[in-house]
K.L.:
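Mind having a look at this structure? Questions to follow.
In what follows, chains carry the letters A, B, and so on, assigned in the order in which the sequence lines appear, proteins first and then strands, with residues in each chain numbered from 1.
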There are 2 protein chains.
Amino acid sequence: MDVGERVKKVGIREVAKHAGVSIGAVSRILNNRDADKFPEATRDRVHVAAHELGYRPNMLARGLRTSRTHTVGLVTDMIATTPYASGIAAAAQEVAQENGVLLFLVNTGGSGTIETNAVDALLAQQVDGFIFATMSYREVDVPERLPTDTVLVNCVPRSGHYRVVVPDDYGGAHTAMRYLVEAGHRRIAFVDTDEKDPDPLASQLRFAGYRDVLHEAGIPFDENLVVEGRSDSFGGRAAVDRLLTLPAQTRPTAVFCFNDRMAAGAYIAARRHGMQVPADLSIVGYDDQALIAAEIDPGLTTVALPHHAMGRLAMKMLLGIDEPHEESLMKLECPLIVRESVRPLTQP
Amino acid sequence: MDVGERVKKVGIREVAKHAGVSIGAVSRILNNRDADKFPEATRDRVHVAAHELGYRPNMLARGLRTSRTHTVGLVTDMIATTPYASGIAAAAQEVAQENGVLLFLVNTGGSGTIETNAVDALLAQQVDGFIFATMSYREVDVPERLPTDTVLVNCVPRSGHYRVVVPDDYGGAHTAMRYLVEAGHRRIAFVDTDEKDPDPLASQLRFAGYRDVLHEAGIPFDENLVVEGRSDSFGGRAAVDRLLTLPAQTRPTAVFCFNDRMAAGAYIAARRHGMQVPADLSIVGYDDQALIAAEIDPGLTTVALPHHAMGRLAMKMLLGIDEPHEESLMKLECPLIVRESVRPLTQP
DNA sequence: TTGAAAGCGCTAACAC
DNA sequence: GTGTTAGCGCTTTCAA
């Protein structure tokens, strides 16, 4: 298909001939393996020859010989249309690149068979390691044959022992709720997702943070203030709509939403009820979702998910850089991003 | 680092011994290379042995021998936080998977040196081919050493000849504008991006569609109705804000926005001016951006970018499936997605 | 200080 | 029908 423009493959052999040394010498000099034992003249000749010929080592051959391919596999259950966690992959790739490692990316869409096949294919390519990441923070059945030195991101294994990198959702929710309580809010609703199928750790932890802050602040828990809906703006809107039809005395002054999409729905519901955000209703989200949180009006105060940090850390752990992490469970902070959707409440 | 649980590598040799045949026979039987010349009994023995031993071919060795690795490299300028075009990568990966090919993903962030290094690294891994994709539709300087059989997605090469897959932005804009004109609008604004740095083909083509429909409909072009801003909701809001302070007679009844983020800003501006969408202002976006277009209130009528289709097609072209595409420039349709942000205008 | 040679696991050409 | 063998391009041990 090509018109022969693909340069005739130059291998170590041509370099050796060109430099007038043996191929063994070339290999050792180019790889700095006791290269200092060669006189500088020889080393230069080799380097020059390699450069002139445009020599590029064949990583297949090297990998076959050394059984290290400088490739890693990242398998995720991410779905095409979900920009959610693509930051994880991007960050992992970034670190890989910084270390001369190439990343195989496989999207399984969550299918177990595809996962297994992907792992097998990757294993056949002799990858040096795996990262297994999920879109939402949950418990997972780890695919068969996934090596035990794999790093899991955004999920915990239902069985077996792996290194794991997860967001501190409990802490994030706790911070957000304290922010609301300290702003004087006492009737705070929790707008949860109703998608409880694959053990939704995120939802549980965020709810726990909600409940505990209430308790710590001596605010009685009111189950009427916990509502559920689909985890998108429609679900958020419907759920908050229900909240806002409550009698004025029991109606919340603030809502803490499971995620930013639901929070966006909360804005819509509030508007439909003739309420201003944050004047009449304060709203806090979760995720710091690009294209939503910052761009909505008014800017949404929310908790950021450390996708980038998780991706980077996972790859570093896998590549064995930055050793200090002896923990095998890394919980990363979810910082509160303060924008304009919460207003301090003067105590009634 | 592992506790030796990594099963002792079983190669073709063990399978041969186990089945009582030679390694050549195993290779040919397992690869169906004139496997029919072997009696069924032998073939079975080999298959059984391979299965029992959990044999997995080493793709490095195979690749070294056959010089086909069943891997392809996808290099993009995508930025971590931009979910924009991740659909391209997901779709490409999907097709790769369907064909037993593994995808190397490299994010360059647009840096030329990183691009070049990525291409070299990928070449060293002996990938079978490349896809080069950009986040926004524009002209690009193709990285050095990128093979000429690479498929470009969402961009056209400034020089050289490559197969290219791009969205039909002119057509999309044309469709959207006709929709507006047919709804009776005559004062239609174009809210363009002001980011003209890397030749913004998208912007040029969408503007051309805008201008041409106006002309075809006999509507005079009014330069006051073309405004620019940053291509996010803030820019859209500011630009539309300017539009809405125009005197009532010249104020637009509809705005066609460069993208959905700007359209979201247009909603905000309208609201701030006490106007309803679409009652007082009709809005059309571009991109059909996930998490925005469908979830905003009211739902945004917009033009969808065929990211998924582009990714699939590009990979198919690269892998040589679906041959009928003799064209080397594939322009993919951008369908209009009708939601609720446009209202028919009764002619004044 | 350098070269020769033995493989890494596989495929393909050639024997038998 | 099946076995043998020569590499693919590289690293690495052992000799010289």
K.L.:
Got a donor-acceptor contact below 3.5 angstrom from the Ser27(B) side chain to the Gly24(B) backbone?
P.N.:
no
K.L.:
Please name the pair of heavy atoms, one in Val127(A) and one in Thr71(A), separated by the smallest distance, quoted to 0.1 Å.
P.N.:
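Closest approach of Val127(A) to Thr71(A), heavy atoms only: CA-OG1, 3.4 Å.
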K.L.:
For the pair made of CD in Glu14(B) and C1' in dG9(C), what is the distance, rounded to whole Å?
P.N.:
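Computing the Glu14(B):CD to dG9(C):C1' distance gives 10 Å.
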K.L.:
Without decimals, in angstroms, what is the distance between Lys9(B) NZ and dC10(C) C1'?
P.N.:
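Going from Lys9(B) (NZ) to dC10(C) (C1'), I get 14 Å.
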K.L.:
From His70(B) NE2 over to Leu319(B) CG, what is the distance, rounded to the nearest 0.5 angstrom?
P.N.:
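Separation between the atoms: 10.5 Å.
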K.L.:
Of the nucleotides dC10(C), dA12(C), dG3(C), which has the atom closest to the Ser22(A) side chain?
P.N.:
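My answer, after comparing the listed nucleotides, is dG3(C).
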K.L.:
Counting any heavy atom closer than 4.0 Å, what does Gly11(B) reach on the DNA or RNA strands: base, sugar-phosphate only, or nothing?
P.N.:
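Gly11(B): backbone/sugar contact only, no base atoms under 4.0 Å.
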K.L.:
Write down the distance between CD1 (Ile12(B)) and P (dG7(C)), rounded to a whole number of angstrom.
P.N.:
18 Å
K.L.:
Donor-acceptor check, side chain of Glu115(A) to backbone of Pro143(A), threshold 3.5 angstrom: yes or no?
P.N.:
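No, Glu115(A) side chain to Pro143(A) backbone: no donor-acceptor pair under 3.5 Å.
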K.L.:
Give the angle between the helix axes at the two ends of the helix from dT1(C)-dA16(D) to dC16(C)-dG1(D), taking five base pairs at each end and rounding to 10°.
P.N.:
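Axis angle across the helix from dT1(C)-dA16(D) to dC16(C)-dG1(D), nearest 10°: 50°.
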K.L.:
Looking at Met135(A), is its backbone amide N or carbonyl O close enough to the side chain of Asp77(A) to form a donor-acceptor pair, meaning the two atoms are under 3.5 Å apart?
P.N.:
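Yes, Asp77(A) side chain to Met135(A) backbone: donor-acceptor pair under 3.5 Å.
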K.L.:
Quick check: closest heavy atoms across Thr134(A) and Ile88(A), and the distance to 0.1 Å?
P.N.:
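That closest heavy-atom pairing would be O-CD1, 4.4 Å.
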K.L.:
Going by atom types only, do Asp128(B) and Thr69(B) share a side-chain donor-acceptor pair under 3.5 Å?
P.N.:
yes
K.L.:
Specify the residue among Arg45(A) and Ile23(A) whose closest nucleotide of DNA chain C lies further upstream toward the 5′ end.
P.N.:
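The residue whose closest nucleotide sits nearer the 5' end is Arg45(A).
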K.L.:
If you look at every strand shown and take non-hydrogen atoms under 4.0 Å, does Arg28(A) touch a base, only sugar-phosphate, or nothing?
P.N.:
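Base, at least one base heavy atom under 4.0 Å.
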K.L.:
Roughly, in whole Å, what's the span from CD1 in Ile29(B) to P in dT11(C)?
P.N.:
13 Å
K.L.:
Tell me, please, the opening and closing nucleotides of DNA chain D, 5' to 3', among those with an atom under 4.0 angstrom from a non-hydrogen atom of chain B.
P.N.:
dG1(D) to dG9(D)
K.L.:
Between Leu60(A) (CG) and dT11(C) (P), how many Å, whole number?
P.N.:
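So the two atoms are 13 Å apart, to the nearest Å.
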K.L.:
Can you check the Met59(A) CE to dC8(C) C1' distance for me, whole Å?
P.N.:
15 Å
K.L.:
Please round to the nearest 0.5 Å and tell me the distance separating atom CZ of Arg138(A) and atom CG of Asn154(A).
P.N.:
9.0 Å
K.L.:
Near DNA chain D, under 4.0 Å by heavy atom, which residues of residues 62-71 of chain A?
P.N.:
Arg62(A), Arg65(A), Thr66(A)
K.L.:
Starting at atom NZ of Lys17(B), determine the distance to atom P of dG9(C), rounded to an integer number of angstrom.
P.N.:
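Rounded to the whole Å, the gap is 12 Å.
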